[in-house]
Amino acid sequence: MDNIAGTKSGLTWTVHISVFLLVALWLFPTVGLFVSSFRTADQIAASGWWSSLSAQERQLPAIRVEGDEDARDGMFVIEGRLFEAEDVEVSAWGTSSREPNAYDPDATADLGDGEALTVTADGSYVLTGPDSFEGQRLPRIFSTATTPPEFTFENYRNVLFDPSNREGMAKAFFNTLTVTIPATIIPILVAAFAAYALAWMDFPGRALLIAAVVALLVVPLQLALIPLLKFHNTIGIGKGYLGVWLAHTGFGLPLAIYLLRNYMVGLPRDIIENARVDGASDFQIFVKIILPLSFPALASFAIFQFLWTWNDLLVALVFLIDATGETTVMTKQIVELLGTRGGNWEILATSAFVSIAVPLLVFFAMQKYLVRGLLAGSVK
Amino acid sequence: MNPAFQGLLTIIIGVGGCIGYFYFSNQFLDKVLYPPKGPNAGRNINRANMIRPWLFLFPALCALGLYLAYPVYETLRLSLTERVPGGGSRWVGLDNYNQMFNEPKFWEAMRNNMVWLIVVPAMSTAFGLLAAQLTDRIRWGSLAKSLIFMPMAISFVGAAVIWKLVYDTRPAEKEQIGVLNAVWMAFDGGIGSVLTLQLLPSLVLLAFAGVVGLIGWVFVRPLVRPEGSPTGIAVMPLRVLVGLAAVWLIWMSLGSVFDVLTATLPYGQPQTWLTIPFWNNFFLMAVLIWIQTGFAMVILSAALRGIPEETIEAAIVDGANPFQIFFKIKIPQIAGTIVVVWTTITIVVLKVFDIVFAMTNGQWETQVLANYMYDKLFRANDWGVGSASAMIIMLLVTPILVWNVYNARKEMR
């Protein structure tokens, strides 16, 4: 609409480029974590993730010669390959850490005692010597090579499917799921009834209640931690799933009531009054008319609550996770890993991505409802 | 019992209980208590209709009262008492607050929170506005929007891991795996480095000071040159306050320009970004800005679309250029939405806990109020001071709370 008075192509290009840069900047950190979760620990430590996307020339860790020896023309020969991958190109190699780039590919290194080692450009090596290598320490090969991008699912196997891995995410994943689903479903129903009363029933004090809901919308849940923990201990729930479900229900209610009430108020009055005239009770109107019509608002809130409970750390720390750590959730597990495995990026990246993956799926699948909820939920 | 099974059972009990409660309480009301027949049919219907709303509201009110309203009162009480060994508590008046105000760590948290409160909403709203305006004009805008919006779905803890990788540090002789250090090591102290790392930030700071000055002037002008309709007395203190804040911000940014221009930067040494006092706060804030920009963008983009096109067409006919249209036509019309976005992000900032907890845990002078409170409550086990700091957070939220309620009531009328 700005272009009515003629398009300036220069400006349009500037817009395209700036949006592209902005998107790239916003995606870059996430992509970094995603790519890192598919690299081995050595690869992550050796180079930045951005360089793993293209073929890179870099110095590789030392590889010890191994293989069965053959006797050939009175000489003993060991043949083998440095790399399993096909398209590696060695640009220099050496046999000691002091001179890792001493030889060109196809050159032959004299190792003394008549032993000789040749490494070709494609990474295959031939070690020859007059005596048997049996029982000898075989030489190590240092190499600088151009390697193609290489990715692995090993990290995910370790983190998710290795039952002996005590830092694995499998259990935490299921715990998070166990927290999330009831904590998403229960407040919806409670809030829907209340929202209907606030939207379509007339009674003294209604305006005051709506104002109270708006006020509670911004009360920081930090205030609730100690009083509620005390309360849970008093009534015997203590720390556990029941407590965390109740807490999430309580904390989610103001937003739920607010969103649903605003939506229900906008439903056409005629339908509801017709139903009343036809003799439907409030309960029937609610279940048969209001609930189905409010589906978009219910979906919006469900997504909010799901994302919020899935991503939550504080409520789980206070109300759920006890000293045994049996009920740990993924966010807590990741924080622990940050402490104990701060440098092991392959574990951290994979664990973090496991916990991010589900919300991202939900986000991309149901973005429409999320946006709608945001627009309705920010107090105007 | 298996937790998954327990969860399923809870869903069934919760959902079934809710539906059962609503169904049977309504039945009870209609069939037993006040049946709409017999001699008192009319009066009974009226009575039933008076009670019914409260039946619908009861569970929600219970939960709200217990989980949000009561804790506000209880926290206030806890902040004024101290626990006595062996159970029970003793009234100590404002001792907890006094003790807290004497702790340097608290003032550090307050100072950091104030910086967070200025920087994060401002940057998120600015980036969000930029993204909204730019993406509205191009064909692949909706794709771009959902990609910028994506961090909203990522947990603060996940975001902390993502950004720790960005800030990662390796010894100087090794290849850097954190993007920020890789970029940093590319600067060698030559003229290019000076231009990008000293001159450019100075210009940005000057621009910031200029914008703040402009906003401040808009607010203060009616005080200096009263013209047209007389402004309300109630707005006067607000105007003075904004003016003073603007002067302070300009002073700070001009001071920073001087610092930036005279600084000698440690080129060639990889930096551990999260341990540089003061500046590390900004590296933490970047995480929240990264998350909240999408939110600001979505709301502001909807507001931009809602602007009546006639106003823009009229401006174009009058020969306004795109920048004039944006700043003089569009911005004033979405000012209300900008305030909404700003306050919403402000509340998120006040509650920010996970990011600091996961990335630095308040070390290296990055403490914020929410994490300070968590430290006091669950590490030091000092409920009095912990509750007192929670009350400070509540106090900071209160103006926004009042403002929201005021607006909601105005809208309903």
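Proteins come first, then strands; the chains are lettered A, B, ... in the order of their sequence lines, and each starts at number 1. What you see is a predicted model, and the numbers here were worked out from it, not measured in a lab.
- Note: B/Asp168 leads B/Val166, B/Thr135, B/Leu143, B/Asp168 in heavy-atom pairs under 4.5 Å with chain A.
- Counting only distance, with no hydrogens or angles, the side chain of A/Asn311 and the backbone of B/Ala153 share a donor-acceptor pair below 3.5 Å.
- Closest heavy-atom contact between A/Gly250 and B/Leu68: O-CD1, 3.8 Å.
- With respect to chain B, the highest number of heavy-atom pairs below 4.5 Å among A/Leu360, A/Leu246, A/Ile257 belongs to A/Leu246.
- To the nearest 0.5 Å, atom CD1 of residue B/Ile154 and atom CZ of residue A/Phe353 are 7.5 Å apart.
- Annotation: side chain of A/Leu317 is not in contact with side chain of B/Phe378 (no heavy-atom distance under 4.5 Å).
- Side-chain atoms of A/Val218 and B/Thr343, non-hydrogen and from C-beta on, never get closer than 4.5 Å to each other.
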Evaluate side-chain contact (heavy atoms from CB on, under 4.5 Å) for B/Glu74 paired with A/Phe231, printing each intermediate quantity in order.
CA-CA 11 Å; B/Glu74 178 68 7; A/Phe231 171 71; over 6 Å; no
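- Atom CH2 of B/Trp383 sits about 11.0 Å away from atom CG of A/Leu225, to the nearest 0.5 Å.
- Counting heavy-atom pairs closer than 4.5 Å to chain B, the top-ranked of the candidates A/Val335, A/Val19, A/Ile356, A/Ile186 is A/Val19.
- Of all heavy-atom pairs between B/Val405 and A/Ala211, the closest is CG2-O, 3.7 Å.
- Between B/Tyr374 and A/Leu314, some side-chain heavy-atom pair lies under the 4.5 Å cut-off.
- At least one side-chain heavy atom of B/Met150 sits less than 4.5 Å from a side-chain heavy atom of A/Leu27.
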Table please: side-chain donor-acceptor pairs of residues 191-206 of chain A below 3.5 Å, with sequence neighbours left out.
unit_1   : atom_1 : unit_2   : atom_2 : d
A/Tyr196 : OH     : A/Asp282 : OD1    : 2.8
A/Trp200 : NE1    : A/Met264 : O      : 2.9
A/Arg206 : NH1    : A/Leu198 : O      : 3.3
A/Arg206 : NH1    : A/Ala199 : O      : 3.4
A/Arg206 : NH1    : A/Met201 : O      : 3.2

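- Inter-residue side-chain proximity for A/Trp345 and B/Val161 is flagged as met; some heavy-atom pair is nearer than 4.5 Å.
- The heavy-atom pair separating A/Leu22 from B/Phe127 by the smallest distance is CD1-CD2, 4.3 Å.
- Counting heavy-atom pairs closer than 4.5 Å to chain A, the top-ranked of the candidates B/Thr398, B/Leu78, B/Leu134, B/Leu55 is B/Leu134.
- The parts of A/Thr30 that come within reach of chain B are both its backbone and its side chain, each placing non-hydrogen atoms under 4.5 angstrom from that chain.
- In this structure, CD1 in B/Ile400 is found 12.0 Å from CG in A/Leu217, a value given to the nearest 0.5 Å.
- In terms of heavy-atom pairs under 4.5 angstrom with chain B, the leader among A/Leu189, A/Ile334, A/Ile303, A/Ile226 is A/Ile226.
- Heavy-atom pairs under 4.5 Å with chain A peak, among B/Ile148, B/Val298, B/Ile347, at B/Ile148.
- When each of B/Phe149, B/Tyr70, B/Phe357, B/Tyr21 is scored by its heavy-atom pairs under 4.5 Å with chain A, the top score falls to B/Phe149.
- Closest of all the heavy-atom pairs between B/Thr75 and A/Pro227 is OG1-CG, 3.5 Å.
- Here CZ of A/Phe283 is found 9.0 Å from CZ of B/Phe24. Values are rounded to the nearest 0.5 Å.
- Every residue was checked against the side chain to side chain contact (heavy atoms under 4.5 Å, CB included) condition with A/Leu361, not counting sequence neighbours, and none meets it.
- Highest contact tally toward chain B, considering only A/Leu33, A/Val190, A/Leu223, is held by A/Leu223 [criterion: heavy-atom pairs under 4.5 Å].
- A pairwise comparison of heavy atoms in A/Leu253 and B/Ala60 identifies CD1-O, 3.8 Å as the closest pair.
- Crowding of A/Phe364 atom CZ: a count of heavy atoms from other residues, nucleotides or ligands under 6.0 Å exceeding 12.
- Of the listed residues (B/Thr293, B/Asn361, B/Leu61), the one with the most heavy-atom contacts under 4.5 Å to chain A is B/Thr293.
- With a 4.5 angstrom heavy-atom cutoff, A/Gln367 touches chain B only via side-chain atoms.
- Side-chain contact between A/Val219 and B/Val397 is absent, with no heavy-atom pair separated by less than 4.5 Å.
- Counting heavy-atom pairs closer than 4.5 Å to chain B, the top residue among A/Ser18, A/Ala247, A/Gly32, A/Ala207 is A/Ala247.
- Atom OG1 in A/Thr331 sits 12.0 Å away from atom CZ in B/Phe156 (nearest 0.5 Å).
- Between A/Phe251 and B/Tyr67, the angle of the ring planes goes over 60°, which puts this pair in the perpendicular group of the 30/60° scheme.
- Counted within 6.0 Å of OH on B/Tyr73, heavy atoms from surrounding residues, nucleotides or ligands total 12 or fewer; the atom is thus considered open.
- Among B/Ala160, B/Ala358, B/Ser387, the residue with the largest count of heavy-atom pairs under 4.5 Å with chain A is B/Ala358.
- With chain B as the partner, the residue from A/Leu338, A/Leu242, A/Leu307 showing the most heavy-atom pairs under 4.5 Å is A/Leu338.
- Within the 4.5 Å cutoff, side-chain heavy atoms of B/Leu64 are placed close to those of A/Pro254.
- For A/Val213, the part lying near chain B is the side chain, with the backbone staying farther off; criterion is any non-hydrogen pair under 4.5 Å.
- You'll find the side chain of B/Ile138 reaches within 4.5 Å of the side chain of A/His16, heavy atoms only.
- Contact record, B/Leu401 with A/Ala215: CD1-O, 3.4 Å, taken as the closest heavy-atom pair.
- Only the side chain of A/Phe28 has a heavy atom closer than 4.5 Å to any heavy atom of chain B.
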